There are 2 protein chains.
Amino acid sequence: MVESSSDQILADADKVDVAFLVVGDPFSATTHTDLLLRCRQSTPPIPVRTLPAASILTGVGCTGLSLYNFGQTVSMVFFTDNWRPMSFYDRVAENVKLGLHTLVLLDIKVKEPDLAMLARGKVVYEKPRFMSVAQCAQQLVETEEAKGEGICGAEKLVVGVARVGADDQEIVAGTLGELSEVDMGRPLHSLVLVGSRVHDLEREFVREYAVDKGTFDKAWDAQFGPGEKV
Amino acid sequence: MVESSSDQILADADKVDVAFLVVGDPFSATTHTDLLLRCRQSTPPIPVRTLPAASILTGVGCTGLSLYNFGQTVSMVFFTDNWRPMSFYDRVAENVKLGLHTLVLLDIKVKEPDLAMLARGKVVYEKPRFMSVAQCAQQLVETEEAKGEGICGAEKLVVGVARVGADDQEIVAGTLGELSEVDMGRPLHSLVLVGSRVHDLEREFVREYAVDKGTFDKAWDAQFGPGEKV
């Protein structure tokens with residue numbers, strides 16, 4: 001919506017102050033950087049002040065996984081029958097090969113036109129949809145089946161988070177197979193693939209959130225080795 | 001200080017509410033994760049609620065560099081005559097090889113005992129010190145001279161930031177050689193090494209902050225190729 005309405009957002013900004021509020025940190029989306037560029041290129045340029053804010057990119061630290069051990073962040077979109085973009089896989093693979101954690105941000109559809117209605121000339125929006133940890137886990141496993149490099153198969157350890165920072169924040173750790181079945185309730189959800197360059201302190205912290213501590217320990221030892229006993 | 005005072009911080013937490021305020025996001029430091037573990041391990045466990053907050057890890061998006069194109073974050077400590085830890089270099093190299101940006105967090109010394117005084121039995125604290133972008137740039141170049149893998153030599157493009165989020169926030173882009181000379185004023189400072197997997201939009205945004213647009217363009221083309229004209 002920002003993309004298509006930036007003229008409207010910036011209208012009159014030469015006369016009055018315009019405030020633009022976003023969810024998360026203002027620079028976590030390229031769209032907002034683009035908006036700033038437009039301000040700069042206006043004649044005369046529109047002065048802009050931005051305020052940093054809390055973001056899932058650091059909020060995910062609530063899992064106990066060290067933010068220093070994260071590699072690139074990737075996005076997962078809703079797969080459809082004929083559109084299953086898997087370009088994120090190569091980036092995850094790069095992180096995995098370095099032993100780094102990967103934060104996966106999950107798709108949000110909040111103002112999608114209903115295509116069947118659109119064909120009949122009516123603009124009707126679909127119900128908002130937010131990807132769940134379970135669906136993301138399923139799509140990761142499906143992608144692994146298509147790619148086969150051993151990056152995100154059902155046996156890999158991940159941590160799912162829901163509503164980070166809210167009173168009913170939830171954290172669940174387990175294999176992708178386990179998290180494919182888990183119901184983490186209302187949005188927003190995110191998921192982290194655990195990398196092998198992981199400290200015992202991180203293991204200890206995350207283990208508390210395991211769906212099943214037995215399978216967690218087994219999967220951890222298989223993936224990362226037993227480490228020191230904590 | 002948190003490390004040595006956690007017992008004191010948690011004293012009476014079974015009777016009264018204890019609030020612990022930090023600069024930045026609470027999970028951007030391992031120390032705070034450790035504090036949470038102690039709460040969990042107390043008898044009985046101390047319930048904890050954490051609130052995410054703005055952090056330089058995302059605040060650095062103000063440079064216009066896409067947060068999706070960042071790799072691991074590293075730290076730079078004050079080099080001394082006999083202590084010049086360069087372990088960050090390998091992590092930066094990993095990012096560089098993938099074409100990713102690297103955020104470098106700069107050392108802060110806020111409660112360091114004066115060792116000469118300590119030897120005479122007196123505990124006197126040194127004046128607080130905060131590493132500047134210029135000093136970090138110099139240490140990066142020095143590290144490159146010691147390691148020689150072509151990761152952070154004087155010709156590499158970087159972006160320095162100071163006081164992100166404050167009214168007098170400053171952003172400066174240029175080569176490490178140029179930024180070794182720049183005075184960005186009061187703390188806190190951070191620095192970003194620009195990776196090659198960079199979009200024209202990022203180039204356009206960052207270029208505005210160049211110390212010298214001529215050397216910036218030349219360094220950019222040499223490092224990343226000319227890209228499309230914007």
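Heavy-atom basis, side chains included; hydrogens, waters and symmetry copies ignored. Each chain gets a letter, A, B and so on, in the order its sequence line appears, and its residues count up from 1. Keep in mind that this is a model prediction, so the values were computed, not measured.
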Checklist entry - Given A/Glu142 and A/Arg84, is the salt bridge (Lys or Arg N to Asp or Glu O under 4.0 Å) satisfied, shown in steps? => result CA-CA 10 Å; A/Glu142 182 185 332; A/Arg84 311 168 100 67; 2.6 Å; yes
Next on the checklist: With chain B as the partner, which of A/Asn95, A/Leu98, A/Leu105, A/Ile56 has the greatest number of non-hydrogen pairs under 4.5 Å?
Outcome noted: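 Option with the greatest count: A/Leu98.
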Next on the checklist: Looking at chain B, which one of A/Leu57, A/Leu51, A/Leu37 has the largest number of heavy-atom pairs inside 4.5 Å, strictly under?
Outcome noted: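 Winner by heavy-atom pair count: A/Leu37.
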Checklist entry - Distance from B/Lys156 atom NZ to B/Glu144 atom CD, nearest 0.5 Å? => result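 Those atoms lie 7.5 Å apart.
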Checklist entry - Given that the side chain runs from C-beta out, which part of A/Asp167 has a heavy atom under 4.5 Å from chain B: side chain, backbone, both or neither? => result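 Both parts, heavy atoms under 4.5 Å.
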Checklist entry - Can you pull out the residues in residues 62-77 of chain B with any heavy atom less than 4.5 Å from chain A? => result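 Contacts with chain A: B/Cys62, B/Gly64, B/Leu67, B/Tyr68, B/Asn69, B/Phe70, B/Gly71, B/Gln72, B/Thr73, B/Ser75.
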Next on the checklist: Testing the basics here: between B/Cys152 and B/Leu193, what is the closest heavy-atom pair and its distance to 0.1 Å?
Outcome noted: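 The pair with the smallest heavy-atom distance is CB-CD2, 4.1 Å.
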Item to check | Between B/Gly59, B/Gly24, B/Ala53, B/Pro26, the one whose heavy-atom pairs under 4.5 Å with chain A are most numerous | outcome: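 Winner by heavy-atom pair count: B/Ala53.
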Item to check | Option that, when pairs with chain A are counted at under 4.5 Å, heavy atom only, ranks first among B/Arg49, B/Glu94, B/Arg40 | outcome: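 With the most close heavy-atom pairs to chain A, the winner is B/Arg40.
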Next on the checklist: Looking at B/Gln135 and B/Ser132, would you say the former's side chain and the latter's main chain have a donor-acceptor pair under 3.5 Å?
Outcome noted: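 Not at all, since once roles are kept as given, no pair shorter than 3.5 Å links the two residues.
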Item to check | Backbone of A/Arg38 reached by a side-chain donor or acceptor of A/Ser42 within 3.5 Å | outcome: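 Indeed, once roles are kept as given, a pair shorter than 3.5 Å links the two residues.
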Checklist entry - For A/Asp107 and A/Arg129, what are the C-alpha separation, side-chain angles and deciding distance, and is it a salt bridge (Lys or Arg N to Asp or Glu O under 4.0 Å)? => result CA-CA 8 Å; A/Asp107 203 1; A/Arg129 288 193 302 153; over 6 Å; no
Item to check | 4.5 Å side-chain heavy-atom contact, A/Phe27 and A/Thr33 | outcome: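 Sidechains of A/Thr33 and A/Phe27: in contact.
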Checklist entry - Does NZ or CZ of A/Arg203 fall inside the cone over A/Phe224's six-membered ring, less than 6.0 Å from its centre and within 45° of the axis? => result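 Ring-cation test returns no.
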